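All of these numbers come straight from a predicted model, not from anything done at the bench. All heavy atoms count here, side chains included; hydrogens, waters and symmetry mates do not.
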Amino acid sequence: MLLLPLLAAFAGLTPAGAVESVRVPPDAQAIDLTHWVENYSNQGDRIQVSTAPGPDGIVRRIEVHAREAGAHPSWIVFALTNDTDEQMERLIVAPHFRLVGSGVIWPDLGAERIAEITASQGIPPEKEDSPDADVFRLTLDPGATVTYVAELKSPKLPQLYLWEPEAYKDKTTGLTLYKGIVIGIAGLLALFLTIVFVVKGAVIFPAAAALAWAVLAYVSIDFGFWAKIFGTETNADRIWRAGAETVLSATLVVFLFAYLNLSRWHVRASHVAGVWLLFLLALVGLAVYDPPVAAGVARISLATVAAVGFILVVYLATHGVERAVMLIPTWLLLVVWVCAAAFTINGSIANDLASPALLGGLVLLVMLIGFTIMQSAFAAGGVAHGAISDVERKALALTGANDIIYDWDVVNDRIYVSPDIEDQLGLKRGELEGPASSWLSLLHPLERDRYRACLDTVLEQRRGRVSQDFRLHASDGHYFWFRLRARPVVGPDGDVVRLVGTLTDVTEQKNAFERLLHDAVHDNLTGLPNREIFFDRLDLALIHAETAPHQRPSVLCVDIDRFGKIVETVGVSAGDSILLTVARRLGRLLQPRDTLARISGDMFAIILASEAATEQIVNLADRIRRTVSAPVTFANREIPLSVSVGIALFDPQWHPKREDMLKDAEIAMRYAKRDGGGRIEVFRPSMRSQGSNRQALEGELRRALERDEIKLFFQPIVRLDDRTVAGFDALLRWQHPRLGRVEPSDFLPLAEESGLIVDLGLFAMQRASRELAAWQKALDVNPPIFANVNISSRRMLRHDLLSDVKNVLTRTAVAPGSLKLELSEALVMENPEYAAQMLGRLRELGAGLALADFGSGYSSLAYLQRFPFDMIKIDRGFARHDSLTSRAAMLRSVVTLAHDFGMEAIAEGAETESDVIEFSQIGCEYAVGFAFGHPLSAADARKLVGAAAEPAV
């Protein structure tokens with residue numbers, strides 16, 4: 001045992017002693033590990049650790065290397081013991097920022113804490129995505145004692161907790177709800193004070209509104225809402241947090257100065273306030289370079305403002321200043337809040353709920369300040385009196401609002417309503433006037449009892465307000481929604497004598513709401529249930545299967561084979577007609593107990609509850625295959641169809657969750673497509689492992705845009721006459737966090753099949769146009785620099801391509817024709833008439849057009865002359881031709897043809913200097929290839945063209 005320390009010393013390592021293990025009780029929701037960890041620094045890029053003794057009492061040593069060689073990170077070591085006979089899942093949580101114990105001088109404003117955790121044995125910890133904490137999932141085997149070595153990103157680790165996953169989820173969910181409520185109240189308060197400032201115009205209101213907006217910004221940053229909106233990183237949050245604390249202190253000074261009107265008391269007060277504000281504004285600039293120093297000074301300034309302000313308020317209140325008297329309770333609460341914040345920052349209050357409670361208290365303080373200034377501004381005749389009476393004003397307001405008067409004379413049991421409602425319902429004048437019970441025949445049957453109970457409650461309670469929605473029957477059979485808002489009028493004896501209010505037609509609102517509800521759970525094209533309703537009904541079917549063994553629901557996944565190619569051939573309208581036809585055919589084959597849903601573009605899913613025997617299910621699937629595969633006639637054209645069907649039979653062992661059952665049906669369906677489609681496959685467990693890789697990659701591709709994993713690179717296009725950069729080809733690259741760079745040939749076909757190519761294409765257009773606008777603004781050259789963005793076949797056939805291009809060009813204001821949409825020759829020639837119309841409209845919007853892969857297909861020169869392309873990209877196959885003589889002749893012919901049609905030529909595949917010279921000699925204007933460099937990132941492309949400024953978002 002003495003040999004290991006000697007070897008460690010010889011290798012330049014500092015061995016760490018054995019760490020004390022922490023027992024993890026199975027019922028413990030959270031364990032504070034902050035004081036159980038051992039900290040090590042100046043260990044170099046390696047550390048040797050003696051593990052905690054295991055059940056056998058043996059102490060082992062492990063060596064952990066830093067992620068970067070030569071680095072000198074800080075380390076922490078802790079050990080956990082699972083003395084139960086069950087495996088445990090736990091979460092290690094290290095929050096990025098904690099107000100508790102953050103300090104006043106050079107405060108800790110948050111940072112990423114843990115870079116990596118290494119376990120001495122068992123399953124390695126897995127890092128989970130979390131915007132405000134470093135979260136690692138640990139697995140503790142039964143009876144095991146595991147020592148963990150964590151490499152820290154920052155020397156400070158304010159807190160380290162071990163959470164039970166569900167408890168941590170409940171905690172974060174509760175805090176998220178609380179944060180949303182607080183941010184919502186703060187936002188409404190800031191908006192309200194801003195509106196009051198616009199209406200009122202007094203100087204006190206903009207000061208209060210600025211304070212409210214500062215508090216909203218501070219709360220949003222502290223709660224992590226700011227980062228979700230602007231996509232900031234943890235290090236950037238330190239700058240925002242320091243700036244927000246500084247602005248909060250400054251707006252508090254402005255509010256106190258404006259509310260107490262200190263300028264009228266002494267001119268020096270204005271000077272002091274001005275100097276203080278200038279100092280705080282300078283502090284905002286300091287926050288960019290040194291956030292801890294700025295935040296520390298801002299916190300001291302905030303405490304000083306609270307203390308000095310309280311002394312000033314008390315002094316002015318004792319001298320008869322009414323505003324100061326009204327501000328005393330609020331400012332006293334502010335002083336209490338500052339004291340509580342000080343105790344929290346210094347660590348005297350260590351509860352994790354202290355920080356959210358303080359932020360909620362800060363919002364309530366601003367609310368009290370708003371009430372105080374409203375009372376001060378509108379008290380004692382603060383609102384100007386008009387020349388009309390209050391009754392006349394209310395009558396004019398009702399007339400302007402176009403509401404219907406509702407008046408129920410309770411004593412005489414007679415209702416009066418405005419004639420407008422009778423005209424709307426097609427009733428005779430006075431038909432709605434009479435006893436309250438006469439309305440029951442016109443009300444919807446489902447709302448009669450509620451209407452009667454509402455009126456009875458008002459009579460019994462003799463107070464309150466009425467707010468009810470109900471439907472009235474019109475003479476033509478339709479129902480109109482109305483909202484009744486009324487309040488009772490009580491007579492001298494305490495009984496209700498009248499019920500007076502207004503009726504408002506809310507039919508459009510109700511219809512819109514019902515449409516939203518329907519569209520939320522139904523497919524817009526077919527009217528079938530969508531994925532949400534499908535999963536809801538599958539949940540019910542699985543629950544029933546647990547209680548009723550004879551019920552064994554199955555899931556069938558039906559997908560139209562080669563639907564994308566069909567749509568490309570016959571058009572989008574025909575594709576919609578095919579989907580409607582397939583939906584009707586499937587619906588006729590199912591029983592009322594079954595559920596048919598459309599869950600994606602050409603994929604339908606069926607919950608089969610009417611059949612339980614495997615043979616019957618397969619026979620039904622075969623009927624579905626044969627029925628749906630009948631040809632569809634569209635515009636006197638017969639379109640052949642075939643479908644692939646995947647079946648997932650009910651199995652409690654394999655299908656504990658609804659997603660698993662649908663996933664298995666999809667896997668079986670994909671197996672049915674492997675040999676050309678038109679087949680039926682029943683899911684087998686062995687299929688899951690074979691089909692999971694592609695399915696997982698597709699799922700990760702769906703989230704890649706949200707996770708900012710998709711990047712846009714730029715391949716330089718060089719002008720051959722002077723060798724300057726004329727433009728760029730925009731290329732998509734996927735930087736997968738686990739797999740590294742995924743080649744476009746691997747994920748673009750997958751995106752084309754799944755329909756994600758539409759979102760990727762829009763992403764490429766938006767990013768390329770932003771960069772292009774920045775280049776053009778910085779360079780100001782003529783002709784302007786351009787960028788080529790490829791358009792896929794799915795994108796070309798979508799009607800919203802025109803609106804997307806228009807929106808992109810409008811937002812970025814790039815030079816006309818400089819954002820060039822690149823379409824392949826094969827795509828254009830598949831449907832030349834439709835392509836000619838679309839290209840013409842795109843050209844009218846201001847987009848440039850480039851024909852890619854020219855020469856790789858079979859073009860019609862008659863059609864090519866009709867297309868309004870700006871340039872032709874000569875396929876790299878010409879450049880790689882074996883015969884130099886024939887290659888030069890073909891290239892020269894293509895270039896001449898392009899020039900005759902008024903187009904410029906770009907040669908692809910320029911990989912050597914000889915290629916570049918040859919392309920220049922035959923008349924090509926541009927060339928692109930590795931001879932001019934590999935694709936560049938956006939930042940490198942800006943440097944290449946000399947446009948160092950970041951593009952505007």
Near Glu68 CD, under 6.0 Å, is it more than 12 heavy atoms from other residues, nucleotides or ligands?
no
Please say whether more than 12 non-hydrogen atoms of neighbouring residues, nucleotides or ligands are located less than 6.0 Å from CD in Glu89.
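Yes, enclosed.
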Evaluate the side-chain proximity of [Y] to [X]: yes if any heavy-atom separation is below 4.5 Å, no if none is.
| X | Y | result |
| --- | --- | --- |
| Ile31 | Pro25 | yes |
| Val215 | Leu365 | no |
| Arg67 | Lys153 | yes |
| Leu140 | Gln87 | no |
| Pro356 | Leu175 | yes |
| Val77 | Val37 | no |
| Ile105 | Val293 | no |
| Val182 | Val363 | yes |

Residue that, paired with Phe78, satisfies ring pair (Phe, Tyr, Trp, His ring centres under 6.0 Å) out of Trp36, Tyr161, Tyr148
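With Phe78 as partner, Trp36, Tyr161, Tyr148 yield a single ring pair (Phe, Tyr, Trp, His ring centres under 6.0 Å), made by Tyr148.
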Donor + acceptor pair across side chains of [X], [Y] (<3.5 Å):
| X | Y | answer |
| --- | --- | --- |
| Asn82 | Thr84 | yes |
| Ser348 | Asn346 | no |
| Ser120 | Thr51 | no |
| His72 | Asp45 | no |

Leu91 and Leu138: side-chain contact (heavy atoms from CB on, under 4.5 Å), yes or no, with the steps?
CA-CA 6 Å; Leu91 298 178; Leu138 308 182; over 6 Å; no
Okay, side chain of [X], backbone of [Y]: is any donor-acceptor separation there less than 3.5 Å?
| X | Y | value |
| --- | --- | --- |
| Trp337 | Gly361 | no |
| Trp331 | Ala306 | yes |
| Arg46 | Val64 | no |
| Ser301 | Val297 | no |
| Arg60 | Ala52 | no |

Can you list everything that forms a salt bridge (charged side-chain N to carboxylate O under 4.0 Å, His left out) with Lys171? Sequence neighbours excluded, please.
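Lys171: no salt bridge (charged side-chain N to carboxylate O under 4.0 Å, His left out) contacts found.
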Any Lys/Arg nitrogen of Glu126 or Arg137 sitting under 4.0 Å from an Asp/Glu carboxylate oxygen of the other?
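Salt bridge absent between Glu126 and Arg137.
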side-chain contact (heavy atoms from CB on, under 4.5 Å) for Leu302 and Thr304? Distances and angles first, verdict last.
CA-CA 5 Å; Leu302 185 61; Thr304 305; over 6 Å; no
Going by the side-chain hydrogen bond (donor to acceptor under 3.5 Å, both in side chains) test, name the single residue among Thr81, Thr147, Asp83, Thr145 that passes it with Ser21.
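So, applying the side-chain hydrogen bond (donor to acceptor under 3.5 Å, both in side chains) to Ser21 and each of Thr81, Thr147, Asp83, Thr145, only Thr81 qualifies.
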[X] [atom1] to [Y] [atom2] distance, which is reported to the nearest 0.5 Å:
| X | Y | atom1 | atom2 | result |
| --- | --- | --- | --- | --- |
| Ile185 | Leu188 | CD1 | CG | 8.0 Å |
| Trp775 | Phe728 | CH2 | CZ | 5.0 Å |
| Leu364 | Leu189 | CG | CG | 9.5 Å |
| Thr173 | Glu166 | OG1 | CD | 9.0 Å |
| Thr176 | Lys169 | OG1 | NZ | 11.5 Å |

Under the side-chain hydrogen bond (donor to acceptor under 3.5 Å, both in side chains) test, residues paired with Asp940 that sit two or more places apart
Ser937
Non-hydrogen atoms of [X] and [Y] that approach each other most closely:
| X | Y | result |
| --- | --- | --- |
| Asp134 | Glu112 | OD2-C, 3.6 Å |
| Ser50 | Val59 | CB-CG1, 3.9 Å |
| Arg90 | Pro165 | CA-CD, 4.2 Å |

Yes or no on side-chain contact (heavy atoms from CB on, under 4.5 Å) for Arg113 and Lys156, after CA distance, side-chain angles and deciding distance?
CA-CA 7 Å; Arg113 305 296 181 181; Lys156 294 182 180 180; 3.9 Å; yes
Can you check side-chain contact (heavy atoms from CB on, under 4.5 Å) on Ile47 and Tyr40, steps first, answer last?
CA-CA 9 Å; Ile47 182 174; Tyr40 299 94; 4.0 Å; yes
Pairs in or reaching into residues 111-140: which pass ring-ring contact (aromatic ring centres under 6.0 Å, His included), with residues at least two apart or in two chains?
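Sorted pair list comes back empty.
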Are Trp163 and Tyr168 an aromatic pair by the rule of ring centers under 6.0 Å?
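Yes - the distance between ring centres of Trp163 and Tyr168 falls below the 6.0 Å cut-off.
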